[in-house]
Undergrad: 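This is the structure, below, for whatever I ask next.
Since the structure is predicted, the reported quantities are computational estimates derived from the model, not experimental observations.
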Amino acid sequence: MGNKETEQAAITHVLALERAAGREPRDVRASGLPYDVDSAPRMIEVKAFSRSARSEPLPLEHRQVVAAQANPERFHLYVVDNLAGPDGAEIGVRVLHGEILLAMIKRSQPQMTYWPTFRAAEYDEAERLH
């Protein structure tokens with residue numbers, strides 16, 4: 001299962017959980033919001049792991065940190081792990097929000113990452129190893 005498939009499986013799982021809880025979730029990944037699922041009153045950022053997320057770093061964008069700090073009771077981080085299991089029986093979801101999430105953010109160190117776009121012309125002209 002690749003990254004896109006793992007992420008989609010996690011989103012699908014979270015949407016089902018939110019519906020089962022009586023909420024009306026919407027996948028808002030394409031909307032530019034700093035989270036993946038709008039499930040009023042929750043703003044849910046989903047982190048997907050094919051294996052266990054235990055002791056793993058949880059990367060958050062700056063805008064997600066800002067959203068969590070501005071709305072600590074509404075901004076939820078759903079950590080979905082064990083997605084690569086054979087039958088999905090081991091999939092787990094851990095929910096972080098409020099003071100716990102704020103404490104995790106406070107003890108972390110921000111890191112800057114560059115995401116340059118690999119333009120089509122650059123891709124076509126780049127050295128290719130065979």
Undergrad: For Asp81 and Arg51, work out which heavy atoms get closest and say how close.
TA: CB-O, 3.2 Å

Undergrad: Sub-3.5 Å donor-acceptor pair from the side chain of Asp27 to the main-chain atoms of Val37, do we have one?
TA: no

Undergrad: May I ask you to decide if Glu122's main-chain N or O and Glu125's side chain share a donor-acceptor pair within less than 3.5 Å?
TA: no

Undergrad: Identify the heavy atoms of Pro57 and Pro59 that sit nearest to each other, and give their distance.
TA: O-CD, 3.4 Å

Undergrad: Quick one: do Leu33 and Met43 end up in the same hydrophobic cluster if we chain Ile, Leu, Val, Met, Phe, Trp and Tyr together by side-chain heavy atoms under 4.5 Å apart?
TA: yes

Undergrad: If we only count heavy atoms from C-beta on, is the Glu18 to Leu15 side-chain gap below 4.5 Å?
TA: no

Undergrad: I'd like to know whether CZ of Arg94 has more than 12 heavy-atom contacts from other residues, nucleotides or ligands below 6.0 angstrom.
TA: no

Undergrad: With no hydrogens and no angle check, do the side chains of Tyr35 and Arg63 hold a donor and an acceptor under 3.5 Å apart?
TA: no

Undergrad: So do Glu7 and Val46 actually touch side chain to side chain, heavy atoms under 4.5 Å?
TA: no

Undergrad: Is the side chain of Thr12 donor-acceptor paired with the backbone N or O of Ala9 at a distance under 3.5 Å, no angle test?
TA: no

Undergrad: How many angstroms lie between CG in Leu102 and CZ in Phe75, if you round to the nearest 0.5 Å?
TA: 10.5 Å

Undergrad: Give me the atom names and distance for the closest heavy-atom approach of Val80 to Val14.
TA: CG2-CG2, 3.7 Å

Undergrad: Looking at Phe118, I'd like to know if its CZ atom is crowded, meaning that more than 12 non-hydrogen atoms belonging to other residues, nucleotides or ligands lie closer than 6.0 Å.
TA: yes

Undergrad: Any side-chain to backbone donor/acceptor pair from Asn82 onto Ser52? Under 3.5 Å, distance only.
TA: yes

Undergrad: Report the residues that fulfil side-chain contact (heavy atoms from CB on, under 4.5 Å) with Leu77, sequence neighbours left out, ordered by chain and then residue number.
TA: Glu45, Lys47, Leu58, Leu60, Val79, Leu96, Leu101

Undergrad: Stepwise, does the salt bridge (charged side-chain N to carboxylate O under 4.0 Å, His left out) test hold for Arg29 with Asp36?
TA: CA-CA 5 Å; Arg29 288 179 287 175; Asp36 299 316; 5.3 Å; no

Undergrad: Set out, in order, the CA-CA distance, both residues' side-chain angles and the distance that settles side chain to side chain contact (heavy atoms under 4.5 Å, CB included) for Arg42 and Tyr78, then state yes or no.
TA: CA-CA 11 Å; Arg42 297 177 179 200; Tyr78 279 33; 2.5 Å; yes

Undergrad: A side-chain contact here means heavy atoms from C-beta on lying under 4.5 Å apart; do Ser39 and Glu24 qualify?
TA: no

Undergrad: Kindly compute the distance separating NE2 (His97) from CD1 (Ile44), expressed to the nearest 0.5 Å.
TA: 11.0 Å

Undergrad: Does Gln111 have more than 12 heavy atoms from other residues, nucleotides or ligands lying within 6.0 Å of its CD?
TA: no

Undergrad: Shortest non-hydrogen contact from Pro41 to Arg74?
TA: O-NE, 2.8 Å

Undergrad: Do Val93 and Ile100 sit in the same hydrophobic cluster, where Ile, Leu, Val, Met, Phe, Trp and Tyr count as joined when their side-chain heavy atoms come under 4.5 Å apart?
TA: no

Undergrad: Flag the pair Gln69 / Val65 as yes when at least one side-chain heavy-atom distance between them is below 4.5 Å, and no otherwise.
TA: yes

Undergrad: Without swapping roles, check the side chain of Thr117 against the backbone of Arg119 for a donor-acceptor pair under 3.5 Å.
TA: no

